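No experiment lies behind these values; they were computed from the predicted model shown.
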Amino acid sequence: MVKLGLIGCGAIAHTHVSNLVSVLNNGEITAIYDINKDAAEQINNQFELNAKIYDSIDEVVNDDNVDAVMVCSRNDAHVDPVIKAVEAGKPVFVEKPLATVASDCKKVVDAELKTGKRLVQVGFMRRFDPFYIQLKNEIDSGDIGKPLMGYNRHFTTRPATNYFETPNMINDAFIHEIDITHWLFNEPYTSVQVQYARPNSLNTATKLKDPQIATLHMKSGAIVNTYLTQNSIYGYDVMCQVIGEKGIAQLPDMPTIEVRKAGHISHTIDEDWTKRFITAYQVELQTFINEVAADEKLTGPSSWDGYVAAVTADCAIKSQTDESLVPIHLDEMPELYK
């Protein structure tokens with residue numbers, strides 16, 4: 001049984017713990033920390049974890065009854081616990097993004113390189129979604145030829161938090177497309193540009209410009225556009241399409257059953273993104289647990305993937321200021337991540 005220390009007890013932590021308790025195998029929460037102790041006690045009681053609640057990150061990381069660490073705190077509070085876990089030699093699963101700026105991601109990479117071992121898995125769960133995996137396999141097979149262009153849609157019913165501002169569109173939403181597009185096309189980015197469409201009059205977040213269009217340019221010349229909104233109103237809607245030399249591969253438009261009734265053909269669209277990716281959330285964490293239990297090299301999204309996403313996100317946020325095309329420059333990938 002892999003004993004996990006949980007840091008951060010917000011909504012995504014509840015999703016992971018619920019899966020651990022009811023679906024997954026060989027993992028249990030034995031230690032918890034949240035800056036809000038009431039939140040730690042609430043999740044402990046709700047799921048009957050019988051975990052020890054600590055007053056600091058260090059106590060969780062250094063607990064002998066903790067084999068690995070799960071970091072589910074706010075985006076801007078990931079770096080400290082991740083680095084402490086790495087320095088303690090313990091594997092760590094951290095929710096995306098690895099950090100909100102590339103310089104902090106580089107600190108994690110540097111800490112991991114000192115150990116000579118991959119210890120970090122970043123929660124880019126779309127890589128574990130069955131439909132994205134099928135899409136990746138189709139592209140890699142060469143059946144549609146070399147990928148030339150792509151299109152993503154990332155629509156959320158309403159802003160996920162009350163602090164959602166224009167830059168959050170990148171680090172909370174577009175970060176997923178940054179990672180999954182890099183994974184699907186398997187090549188580096190050269191530039192990114194973010195532009196604003198006509199403002200949505202239904203947007204109630206006063207510090208959020210919505211909707212936005214982000215364009216990624218790749219080394220080969222391939223271009224991928226992503227349409228982003230936090231105010232779709234109708235539901236959570238994700239699409240990915242890759243256009244190749246010989247054909248097109250894309251996700252199913254809405255992976256729910258089709259109903260034909262009363263003169264209409266319909267699909268249900270949920271408002272909750274965790275339900276769309278419930279299988280992906282389960283598989284990513286089970287994969288982490290299995291590899292930790294077997295003392296195997298972690299194969300999920302790495303801290304380097306988190307760094308690549310953060311460098312790109314930093315450039316996208318820079319582009320948001322004037323809608324300019326911003327070049328992307330990356331350090332050379334270390335051997336550990338090849």
Does either side chain, that of His16 or that of Gln282, offer a donor lying less than 3.5 Å from an acceptor on the other one? no
Intermediate values then yes/no, side chain to side chain contact (heavy atoms under 4.5 Å, CB included), Asn44 and Lys52: CA-CA 9 Å; Asn44 198 26; Lys52 188 168 183 178; over 6 Å; no
Atom NZ of Lys3 and atom CE of Met1: how far apart are they, to the nearest 0.5 Å? 9.5 Å
Check this for me, if you would: do Lys84 and Glu87 make a salt bridge, where the nitrogen-to-carboxylate-oxygen distance has to be below 4.0 angstrom? no
Salt bridge Glu138-Lys136, side-chain N to carboxylate O under 4.0 Å: no
Any side-chain donor paired with an acceptor under 3.5 Å for Asn231 and Thr229? no
Any ion pair linking Lys106 and Asp110 (charged N to carboxylate O, less than 4.0 Å)? yes
When you compare the side chains of Tyr227 and Glu177, does any donor N or O come within less than 3.5 Å of an acceptor on the partner? no
Nearest heavy-atom contact between Asp172 and Lys96 is O-NZ, 3.0 Å
Any chance you could measure Asp305, atom CG, to Gln121, atom CD, to the nearest 0.5 Å? 10.0 Å
Residues Asp314, Lys318: salt bridge by 4.0 Å N-O rule: no
How about CG on Leu336, more than 12 heavy atoms from neighbouring residues, nucleotides or ligands closer than 6.0 Å, or not? yes
Whether the Thr274 and Asp272 side chains hold a donor-acceptor pair (N or O, under 3.5 Å, no angle test) is what I'd like checked. yes
Is the count of non-hydrogen atoms from other residues, nucleotides or ligands lying under 6.0 Å from Glu245 atom CD greater than 12? yes
Within this structure, what is the CZ-CG distance for the pair Phe174 and Leu228, rounded to the nearest 0.5 Å? 6.5 Å
I'd like to know if Lys90 pairs up with Asp67 as an ion pair, taking the criterion as any Lys NZ or Arg NE/NH1/NH2 lying under 4.0 Å from an Asp or Glu carboxylate oxygen. no
Check the side chains of Gln212 and Gln320 for a donor-acceptor pair under 3.5 angstrom, ignoring hydrogens and angles. yes
Under 4.0 Å between a Lys/Arg side-chain N and an Asp/Glu carboxylate O for Asp270 and Arg276? no
Give the minimum heavy-atom separation between Thr312 and Val192, together with the two atoms involved. O-CG1, 4.1 Å
Flag for Thr287-Asn290: side-chain donor and acceptor within less than 3.5 Å: no
Quick one: do the Glu271 and Thr157 side chains pair a donor with an acceptor below 3.5 Å? no
Indicate yes or no: does Arg198 engage Asp210 in a salt bridge with an N to O separation below 4.0 Å. no
Would you say the side chains of Tyr337 and Ser303 form a donor-acceptor pair under 3.5 Å? yes
Before accepting this row, confirm whether a basic side-chain N of the pair Arg126/Asp129 lies closer than 4.0 Å to the acidic partner's carboxylate O. no
Would you say the side-chain atoms of Glu258 and Ser266 include a donor-acceptor pair closer than 3.5 Å? no
Under a plain distance cut-off of 3.5 Å, with no hydrogens placed, do Asp76 and Thr100 share a side-chain donor-acceptor pair? no
With no hydrogens and no angle check, just 3.5 Å: does a side-chain donor-acceptor pair link Thr30 and Asp63? no
Applying side chain to side chain contact (heavy atoms under 4.5 Å, CB included), run through Arg153 and Tyr151 and close with a yes or a no. CA-CA 7 Å; Arg153 180 169 65 240; Tyr151 161 75; 3.3 Å; yes
